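Here's the structure, in structure tokens; my notes come after.
The figures here come from the full heavy-atom set of this structure, side chains too, leaving out hydrogens, waters and symmetry mates. Here the structure is a predicted model, which is why all the values come from computation and not from measurement. Order of appearance sets the numbers: ligands from 1, and atoms from 1 within every ligand.
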Amino acid sequence: MKENELEQILVKFADLIVKVGLNLQPEQRLFIWAEQLEVAPLVRQVVRRAYQAGSPLVSVLWNDDREKLLRMKHAPRDSFEEYPAWKTDTRYQCTKRGDAILYISGKDPDLYQGQDPELVSLTSRVYLEHLKPARELTAKNETQWCVICPPTPDWAAAVFPDLSREAGEERLWEAVIKTCRLNKPDPVKFWQDYFLQIQEHAEYLNDKAYSALKFKAPGTDLTVGLPEGHIWMGGGDVTRNGIAFGANIPTEEVFTLPHRERVEGTVAATKPLSYQGSLIEGFSLTFKEGRVVDIRADKGRDALQSILEGDPNSNYLGEVALVPHGTPISQLGISFLNTLYDENASNHLALGSAYRFSLAGGADMSAEEFAAAGGNESINHVDFMFGSGEMDVDGVMANGTTEPVMRAGEWAFDG
Ligand code: ZN
Ligand code: ZN
């Protein structure tokens, strides 16, 4: 891609982020958390666009991955309980006072390859513990928040190991342009219309109010109970005070929360999972009464184990999401090794926290009330992909009869 072509894409991307992702309001501040210095060109375009939209203050906090890797390689081994708390405190303060929050990361999925798994796991636990207060606010949609993953050279090299770094980055940009629909004449208008289509599927499922979903595919035979009052959402989000926004771009999913104690059976992942700089591949999980009782993994078992050890509730599910197999992300046939893209190519589940807004009245419940209603809360929320073109999904009605929801990975009720 020529430099001026890339610049035009970045301008479109920034416009989409500010108008649809964040729906930044006049006079609203913006806080940006960026994970690699390489994403600076996009960050600068967002800063420009946000000020043009009337924001009085845009702050950028750099939390560079390369810096984290240097620490992992060279810092004293007994120093990893230390954390620069001012970073997560700042994020919490900004979220609390109602700034829009943008998280930008083009993470290298293999960042921590070859590093001590115990230190990797400790580093992620210490980070998540510090992040918890800020995350609790976004899990209630207290303010608009958005996650964006632009290509970076290291990430592209991991996705396309057989190409030169330059060619790999170009290919990844092409894929991101397609999936974020930056190739449409008006991406903002595209997403506003597309959100409405996704919302129709969520409404259909809400009218059905199934008591459970049954998933069948090679390696998977899983029943996921749905609590009373569960809400299917998708096609954008709404803050507690009624501002529409899009937490993920791209997004194709409709999702809700499982009943934390009513998940039974085995699920086989259909895509590798990149977790905190480690890759987990060829894995499956077995659940009994909602809890993970057995795990298998061809690669990255330590990392999978470390997710489950995050806290006791990391062994329970917090999200179930449906994504038709025919979406553009899925049809590209690329494993992005990045959850934002891979989860929108596939039915997925998340270990750990449920979103409070997935349950009627959930945002106003105490922790005990939320748990009693079937909601799970944890320092983790780790999505993993298990959908495919071979997956059938049935909905279980209140009277116990079932009806098709998906056949061979596609909606069964779309005709
Ligand atoms: Zn999801
Ligand atoms: Zn999720």
Side-chain angles (χ1 to χ4, degrees), residues 21 101 103 105 107 124 128 131-132 134-141 145-149 179-180 194-195 198-199 201-202 205-206 213 215 222 224 226 230-238 245-260 263 267 269-276 280 285 292 304 307-308 310 313-325 327 329-330 336-359 362 375-388 391 393 405-406 409 411:
I101 308 291
Y103 175 91
S105 174
K107 192 175 265 311
S124 102
L128 289 171
L131 188 63
K132 196 174 167 219
R135 214 163 172 179
E136 278 172 355
L137 294 180
T138 41
K140 291 179 184 173
N141 283 350
W145 57 279
C146 182
V147 178
I148 293 292
C149 299
T179 57
C180 295
Y194 194 54
F195 277 0
I198 298 174
Q199 285 166 18
H201 290 117
L205 293 166
N206 283 328
L213 294 177
F215 295 89
L222 187 77
V224 176
L226 301 175
H230 70 270
I231 300 169
W232 287 94
M233 293 182 67
D237 308 80
V238 183
F245 69 103
N248 290 172
I249 294 175
T251 184
E252 307 279 348
E253 66 177 321
V254 294
F255 66 96
T256 188
L257 80 170
H259 191 294
R260 68 189 295 273
V263 181
V267 53
T270 48
K271 281 177 187 287
L273 169 63
S274 163
Y275 177 72
Q276 309 275 2
I280 310 168
L285 304 164
V292 176
L304 182 56
I307 298 172
L308 299 175
N313 285 348
S314 297
N315 290 274
Y316 293 84
L317 293 180
E319 180 188 338
V320 54
L322 301 177
V323 182
H325 189 63
T327 61
I329 306 184
S330 181
F336 283 84
L337 309 179
N338 175 301
T339 297
L340 177 64
Y341 295 93
D342 288 332
E343 73 169 344
N344 280 302
S346 172
N347 290 343
H348 57 270
L349 300 165
L351 287 164
S353 248
Y355 290 103
R356 288 292 190 107
F357 50 75
S358 294
L359 189 69
N376 195 44
E377 286 191 290
S378 160
I379 58 169
N380 269 313
H381 176 101
V382 183
D383 298 274
F384 65 94
M385 286 53 80
F386 75 122
S388 70
M391 176 163 273
V393 185
V405 174
M406 287 185 139
W411 294 119

Exercise for review: List nothing but the number: protein N/O/S atoms under 2.8 Å from the Zn ion (ligand 2).
Suggested key: 4
Review point. Taking side chain as C-beta onward, heavy atoms only, is F384 less than 4.5 Å from V267?
Key: yes
**Study point:** All pairs passing salt bridge (charged side-chain N to carboxylate O under 4.0 Å, His left out) where residues 343-356 contributes a residue, at least two apart
**Key:** R356-E377
Review point. Heavy atoms, side chains only, cut-off 4.5 Å: are N347 and M406 in contact?
Key: yes
Check your understanding: Which heavy atom of V254 sits nearest a heavy atom of A202, and at what distance?
Key -> CG1-N, 3.9 Å
Review point. side-chain contact (heavy atoms from CB on, under 4.5 Å) with V263: which of V320, L317, V292?
Key: L317
Point to revise | Within the 6.0 Å centroid threshold, strictly below: Y355 and H381 | key: yes
Check your understanding: Which atom, among the N/O/S set of E253, is closest to the Zn ion (ligand 1)?
Key -> OE1
